[in-house]
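Read through the structure below, which is laid out as structure tokens, and then see the notes.
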Amino acid sequence: MAWENPFKEMANSKPLFLTIYATVLIGIVFSSVYVFSAIYSSPNSTFSLSIAPSASSDEKAEPSVQASNFSHRQVDDVSIPVKPQLQRKLLKPIWKVPPAGSKMPDLETFKLSKELVQERVTDNIVIVTFGNYAFMDFILTWVKHLTDMGVENLLVGAMDTKLLEALYWKGVPAFDMGSHMSTVDVGWGSPTFHKMGREKVVLIDSILPYGFELLMCDTDMVWLKNPLPYIARFPEADVLTSTDQVVPTVTDDRLDLWQQVGAAYNIGIFHWRATESAKKLAREWKEMILADDKIWDQNGFNELVRRQLGPSVDDDSGLVYAYDGNLKLGLLPASIFCSGHTYFVQAMFQHLRLEAYAVHTTFQYAGTEGKRHRLREGMVFYDPPEYYNPPGGLLTFKPSIPKNLLLDGEHTIDTHFTLVNYQMKQIRTALAVASVLNRTLVMPPLWCRLDRLWFGHPGILPGSLTKPPFVCPLDHVFEINVMLKEMANEEFGPGINIREYSLFENPSMPQEVKESWLDVHLCQEGSPSCQVNSTSQSGALKLPKHSTEETLKTVFSKFKDVKVIQFSTMQDAFDRFTDKTREEQFRNRVKRYVGIWCCVENHTPGHIYYDMYWDEKPGWKAAPPNSTVDDHPPW
């Protein structure tokens, strides 16, 4: 139709068509007047909001307004305006700090209320985590991942006023849980840890009556992809929960098959709708755990939800009737709502060519420090710039592993320990060199042939997607919590700082650090080309093998301003400490750096201790203790 000259068309048409043309044109004019008057004069018209992701951890996301005030429906290639729809409200920007010189409002302002939660709700949903000041860095990481993907309908529950104040001054929306919690790390399984769990249940029971959907999260998890579109796919679900499932039940992004999930439902990530069934469950759960402080919150949840399980709600959604027979439950797929095992050990989402939505740092063995280190290994933890440029500089090395140790033969306890011990000896040398040079050691990737768990198993869990050999998390072998804690200098010598193996791959690593680099090649002492302070054709510094403490200090005293020193290998790089007391202190320290492998099937005790000085014990063999009397570390 020639819309550019409609009057000429009308002139050449019959009277009937003239009438039709006139009617259509008049209708369009009146529709346009109606729509534009609605847009510009209606008090209910709003703009939709999107938050541009930050380009770096230092840049703050700024809100951008998009002109999407009305939608269009296509009819015969003509775009016809439709009545404006209610758009998302503008949320107060996150990371916008209060004005300099201002005072923090009274604590009463931060008490949980429907009005306070309403301020952070979008599309009737709010995402909540909570914690104490000891988890401040976890919380900031959690918030930044969400805001970087444009999700700002979030709230943080502060269990102590120190955290509440810190979040307020950083522009992070928070509320006071009134818990009066300690500001230090309480430790998994402690009475205070269980108190935190009870607080979570009380919080859920408090928010649901407000009528909002609640996506509840632990602070030791991070979002990798916006979960809200996924959750919206299941509008009939009362509760969607993550699980500890380690064997896939689906190969796509459907909900896990409830009939095949035998593992615990994990309450570190779960979504609640404010339905009567969900509110009833939350109320009974709260009453259960408040009546008996020996009940772990997660165990209580599992007990209640599994009281009745089945049948399926329908043939397609993956939901199941649970709890009282009316609650509609869905199990988030473990492949993409990942546990510490399906993400860091199996990399299940990669095997299935899926995108992970979240990772929760479960299935790890070194406390809070181990959780933090795992997220750093995965390059999903946000650290300040100085973390990447520590005082004294960094020390790294290229690990060397013979092909037969890594790939040949069966994956058994013996071949696993042979592989790990070979790497451990190189790391022991690297720790000594780092101690002498007062540098922070970048740990190498650690290869394993067997998985680690809390119970007896055949080495690799049947049905899992773990493919040995694999790069295992550092806490599978090393006691990261011990490595990082303060130890008495008189007995253990100076501390040795470490960083994760992926440090130089992290986009947050400053270019200035990577450009200040010295390569060190070991050479045979006494050979003509192996002279102290000489360099190779590539510009690498040559260093004699079996160098002493004094040699290392002398050679590298000229390179204190170099930020990164990389050894071509650590095999035979260091001979000994000059001072016997210093040597003994170092040995006392690093002997405690390694833990256990767990566990041999049908044997009590079933764990096997790693030994940092295994090579000094002729005939050393990987075996569990013969009895509880022999059950102690090798020191």
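For the pair D123/L228, no side-chain contact is recorded, criterion being any heavy-atom separation below 4.5 Å from C-beta on. Side-chain contact between W258 and L309 is present, with at least one heavy-atom pair separated by less than 4.5 Å. Considering only heavy atoms from C-beta on, T275 stays 4.5 Å or farther from L208 through its side chain. The closest side-chain heavy-atom distance from L329 to Y265 is below 4.5 Å.
Ring centroid separation for the pair F363 and W454 comes in under the 6.0 Å cut-off. Under the 6.0 Å cut-off for aromatic ring centres, F337 and Y230 qualify, their centroids lying closer than that.
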Worked verdict on K111 versus E108 for salt bridge (charged side-chain N to carboxylate O under 4.0 Å, His left out): CA-CA 5 Å; K111 280 191 174 181; E108 288 290 320; 3.2 Å; yes
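Among L453, V345, V247, the one residue that satisfies the side-chain contact (heavy atoms from CB on, under 4.5 Å) test with L461 is L453. Q346 pairs in a side-chain hydrogen bond (donor to acceptor under 3.5 Å, both in side chains) with only one of the listed residues (K467, H341, H351), which is H341. Across L154, V128, I127, a single residue satisfies side-chain contact (heavy atoms from CB on, under 4.5 Å) together with C217, and that is I127.
When the shell of 6.0 Å around NZ of K225 is examined, it contains more than 12 heavy atoms from other residues, nucleotides or ligands. Crowding of K279 atom NZ: a count of heavy atoms from other residues, nucleotides or ligands under 6.0 Å exceeding 12. Within 6.0 Å of the CD atom in E355, the count of heavy atoms belonging to other residues, nucleotides or ligands does not exceed 12.
Below 30°, between 30° and 60°, or above 60°: for F301 and W285 the angle between ring planes is between 30° and 60°, a tilted geometry. Aromatic ring pairs are classed by plane angle as parallel below 30°, tilted from 30° to 60° and perpendicular above 60°; the pair F349 and Y343 is parallel. Ring pair F212/Y210 is perpendicular by interplanar angle, where above 60° counts as perpendicular and below 30° as parallel.
When all heavy atoms of N326 and Y321 are compared, the pair lying nearest together is O-CD2, 3.9 Å. What you find for M136 and A166 is that their closest heavy atoms are CE-CB, 3.5 Å. Between L163 and G131, the shortest heavy-atom distance links the atoms CD2-O, 3.1 Å. Heavy atoms only, all atoms of each residue included: Q364 and K371 are closest at OE1-N, 3.5 Å. Of all heavy-atom pairs between V239 and A278, the closest is CG2-CB, 4.5 Å. Listed here is the closest heavy atom pair of L290 and R198: CD2-CD, 4.5 Å.
Not one N or O on the side chain of S339 forms a donor-acceptor pair closer than 3.5 Å with the backbone of T243. The backbone N or O of A334 sits less than 3.5 Å from a side-chain atom of T342, completing a donor-acceptor pair. When atom types are taken as modelled, the side chain of H360 and the backbone of M221 share no donor-acceptor pair closer than 3.5 angstrom. Not a single donor-acceptor pair under 3.5 Å links the side chain of R254 to the backbone N or O of G318. Between the side chain of T466 and the main chain of I460, no donor-acceptor pair closer than 3.5 Å is present. No side-chain donor-acceptor contact under 3.5 Å links E377 to the backbone of P473.
Under the 4.0 Å criterion applied to side-chain N and carboxylate O atoms, K200 and D218 are assigned as salt-bridge partners. Taking 4.0 Å as the cut-off between side-chain N and carboxylate O, R374 and D475 count as a salt-bridged pair.
In this structure, CG on N153 lies 8.5 Å from CG on L146, to the nearest 0.5 angstrom.
For the residue pair E213 and H271, a side-chain donor N or O sits within less than 3.5 Å of a side-chain acceptor on the partner. Using modelled atom types and a 3.5 Å distance limit, the side chains of T249 and D256 yield a donor-acceptor pair.
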